[in-house]
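Step one of this worksheet: look at the structure below.
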Amino acid sequence: MAASLPPLTARPAWQALVAHQRQIGARQLAALFAEDPTRGERLTLEAVGIYLDYSKNRITQDTLVLLLQLAAESGLRGHIDAMFRGDKINLTEDRAVLHVALRAPRDATIFVDGHNVVPAVHAVQDKMADFAERVRSGAWRGHTGQRIRNVVNIGIGGSDLGPVMAYEALRYYSDRNLRLRFVSNVDGTDFAEATQDLEPAETLFIVSSKTFTTLETMTNAASARAWSLAGLGGERAAVARHFVAVSTNAEKVAEFGIDTANMFGFWDWVGGRYSLDSAIGLSTMLAIGPDNFRAMLGGFHAMDEHFRTAPFGQNLPVLLALLTVWYANFFAAQTVAVLPYEQYLKRFPAYLQQLTMESNGKHVTREGTPVEVATGPVYWGEPGTNGQHSFYQLIHQGTHLIPCDFIAFETSHNPLGRHHDILLANMFAQAEALAFGKTAAQVRAEGTPDWLVPHRVFEGNRPSNTLLLESLTPAALGKLVALYEHSVFTQGVIWNLDSFDQWGVELGKVLAQRIIPELEAPTLPPLGHDSSTNALIRRYHQKKRGQG
Ligand code: G6Q
């Protein structure tokens with residue numbers, strides 16, 4: 001499919017966009033709004049419960065037409081169909097990419113290698129629900145007969161960021177009798193702090209690892225097992241009551257001492273960063289209960305269907321993706337700020353960092369040739385209004401163009417006095433200030449002395465999207481995550497990337513495996529690294545042995 005397409009920069013729409021950008025790139029948002037008083041209502045899209053206002057982007061109707069043409073010329077329709085059909089679109093790992101199957105309804109059929117995967121997906125979900133109910137009701141007891149009050153998820157990367165983000169996002173729906181903790185870092189501090197106030201007899205560990213070989217997770221799991229056994233009288237049988245696993249690797253799970261009856265499986269066609277709604281979401285389900293978890297999956301599915309069926313001009317993920325490409329490639333914007341005005345979404349930017357950057361941080365195309373243009377931008381952000389008191393300065397007056405995604409909910413789960421109005425007023429105000437700024441004349445008219453005027457000028461013309469949803473329900477979270485998943489997919493299609501591999505994380509892992517024994521050796525072995533690495537290892541080793 002992709003191989004028969006002309007290279008990206010040779011596509012007619014690309015060339016037209018280059019010319020178009022030269023014409024309209026410097027146009028001011030203020031002028032665009034002045035020309036068309038309906039712009040703020042026209043350049044919006046409402047679908048599956050999400051209202052997207054994209055009017056504050058540096059685009060005209062022609063820009064949209066050309067971007068949509070670029071999507072068509074990039075074969076987006078074919079790529080979407082290929083993903084939903086279960087084709088092995090993760091070329092470098094020869095795998096299907098079917099996170100959409102994880103949220104497909106029971107009666108759907110999705111085939112991988114001639115085999116319908118949907119029944120197995122639902123069998124795992126049912127098993128998770130049964131287990132979650134038992135823990136939540138107190139039917140599942142610890143080794144000494146005590147009720148489970150603490151659940152610690154041990155996992156990293158895709159086996160951590162989704163669960164922790166979803167737990168924080170849906171905390172309002174969580175059972176407050178269960179304390180959820182997340183341990184990811186191999187830094188012993190993470191484990192020590194997460195468990196320092198917990199009772200082993202009341203603590204259940206979920207070891208979440210697709211491969212069950214990840215160094216950090218297996219190191220933390222071993223420490224957890226030792227901690228658990230030490231607190232429970234050292235009986236090996238205790239492990240079965242205090243450890244469950246989420247993995248695709250039954251052999252390794254059994255080797256660790258976890259009863260495979262308490263293992264929740266998934267499949268190689270679920271990428272780590274796309275696994276939140278697989279069994280990797282077990283901690284989320286324990287926290288919010290199976291019904292809420294299923295409602296979240298319903299939200300994901302609603303967005304999947306929207307993405308699969310809506311015409312591209314009315315397709316939320318496609319529009320978001322095309323706008324990202326527009327700024328990344330035609331304005332050389334290197335980053336995107338994601339700014340949720342919702343405290344419960346405090347880990348959402350961190351989650352998106354992995355989703356976006358591990359997916360599209362690539363330097364070669366699917367065919368292995370160097371990319372011709374910049375690919376995945378750096379995603380970052382913090383909840384508003386906190387960010388306003390720190391880095392917004394640079395977004396407003398710095399020299400970098402930083403497109404922003406503002407996200408908010410019309411109602412709050414914690415409607416406290418004036419708080420929500422103040423919160424939303426701030427978000428609307430920030431988008432307004434970014435777009436329209438404040439001219440020198442306006443600043444002067446306020447009586448500002450001349451020497452201070454340049455410092456107080458806001459150039460404006462800084463683009464943003466605003467996403468408004470009604471309330472941060474489980475379904476809303478599912479829709480929001482799927483929106484970004486499919487936006488990332490669409491960007492990857494335009495750039496002709498394999499958005500589903502992550503070879504860039506390998507080299508460091510391999511080098512660490514070589515250095516670990518060097519650090520652990522009682523006497524320093526001969527070192528064969530570069531002089532900087534050698535010196536660092538030598539220094540650490542000497543300090544550790546008290547010789548420094
Ligand atoms: C995500 C990556 C990566 C992965 C972790 C954990 O897409 O593949 O972040 O999730 O390395 O891997 P395991 O689940 O196998 O421990």
Side-chain angles (χ1 to χ4, degrees), residues 83 89-100 102 124 128 152-166 182-187 190-191 205-225 243-256 258 263-284 347 349-362 376 379 481-482 484-486 488-489 491-492 497-513:
M83 173 168 74
I89 60 169
N90 178 353
L91 297 178
T92 69
E93 296 181 317
D94 192 27
R95 287 176 183 165
V97 174
L98 273 180
H99 39 282
V100 294
L102 299 169
V124 173
M128 288 164 65
V152 183
N153 185 73
I154 298 180
I156 196 164
S159 300
D160 168 70
L161 287 160
V164 85
M165 180 280 290
F182 297 84
V183 174
S184 53
N185 200 338
V186 75
D187 183 338
D190 205 8
F191 180 80
F205 289 95
I206 304 175
V207 184
S208 296
S209 175
K210 182 172 165 181
T211 53
F212 230 72
T213 56
T214 304
L215 178 64
E216 294 90 334
T217 300
M218 297 329 292
T219 306
N220 278 318
S223 297
R225 186 175 50 192
F243 283 80
V244 298
V246 177
S247 188
T248 56
N249 191 340
E251 203 182 314
K252 291 274 176 204
V253 169
E255 223 173 82
F256 181 86
I258 295 176
M263 168 178 152
F264 302 85
F266 57 119
W267 307 273
D268 74 354
W269 41 262
V270 182
R273 55 194 173 275
Y274 298 87
S275 65
L276 158 61
D277 35 25
S278 71
I280 289 290
L282 183 61
S283 56
T284 313
R347 293 303 300 269
Y351 170 78
L352 281 188
Q353 280 176 9
Q354 181 187 26
L355 178 68
T356 58
M357 298 201 267
E358 213 172 38
S359 297
N360 287 338
K362 307 285 163 68
Y379 276 74
V481 173
Y484 279 94
E485 284 177 347
H486 297 318
V488 166
F489 173 86
Q491 293 166 44
L497 307 175
D498 186 332
S499 298
F500 301 101
D501 61 14
Q502 57 283 314
W503 297 105
V505 303
E506 293 303 318
L507 178 59
K509 285 192 207 173
V510 173
L511 296 182
Q513 287 297 353

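Predicted model, so just to flag it, every value in this text is computed and none were measured. First listed ligand is number 1; within each ligand, the first listed atom is number 1.
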Aromatic plane relationship, Tyr274 with Phe500 - under 30° parallel, 30 to 60° tilted, over 60° perpendicular: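 It falls in the tilted class, 30° to 60°.
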
Phe256 and Phe212 aromatic ring geometry - parallel, tilted or perpendicular at 30°/60° bounds: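 The rings of Phe212 and Phe256 stand perpendicular, inter-plane angle above 60°.
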
Residue pair Asp190, Asn220: steps toward the side-chain contact (heavy atoms from CB on, under 4.5 Å) verdict: CA-CA 9 Å; Asp190 205 8; Asn220 278 318; 5.6 Å; no

Minimum heavy-atom distance Pro163-Gly158, with the two atoms named: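 Result for this residue pair: CD-O, 4.0 Å.
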
Close side-chain approach of Gln491 to Thr356, heavy-atom, < 4.5 Å: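 When only atoms from C-beta onward are counted, Thr356 and Gln491 do not touch, as no gap falls below 4.5 Å.
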
Those protein residues which place at least one heavy atom below 4.0 Å from ligand 1: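 Ile156, Gly157, Gly158, Ser159, Ser209, Lys210, Thr211, Thr214, Gly272, Arg273, Gln354, Glu358, Gln502.
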
Side-chain (Asn153) to main-chain (Ser159) donor-acceptor, under 3.5 angstrom: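 Between the backbone of Ser159 and the side chain of Asn153 there is a qualifying donor-acceptor contact (under 3.5 Å).
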
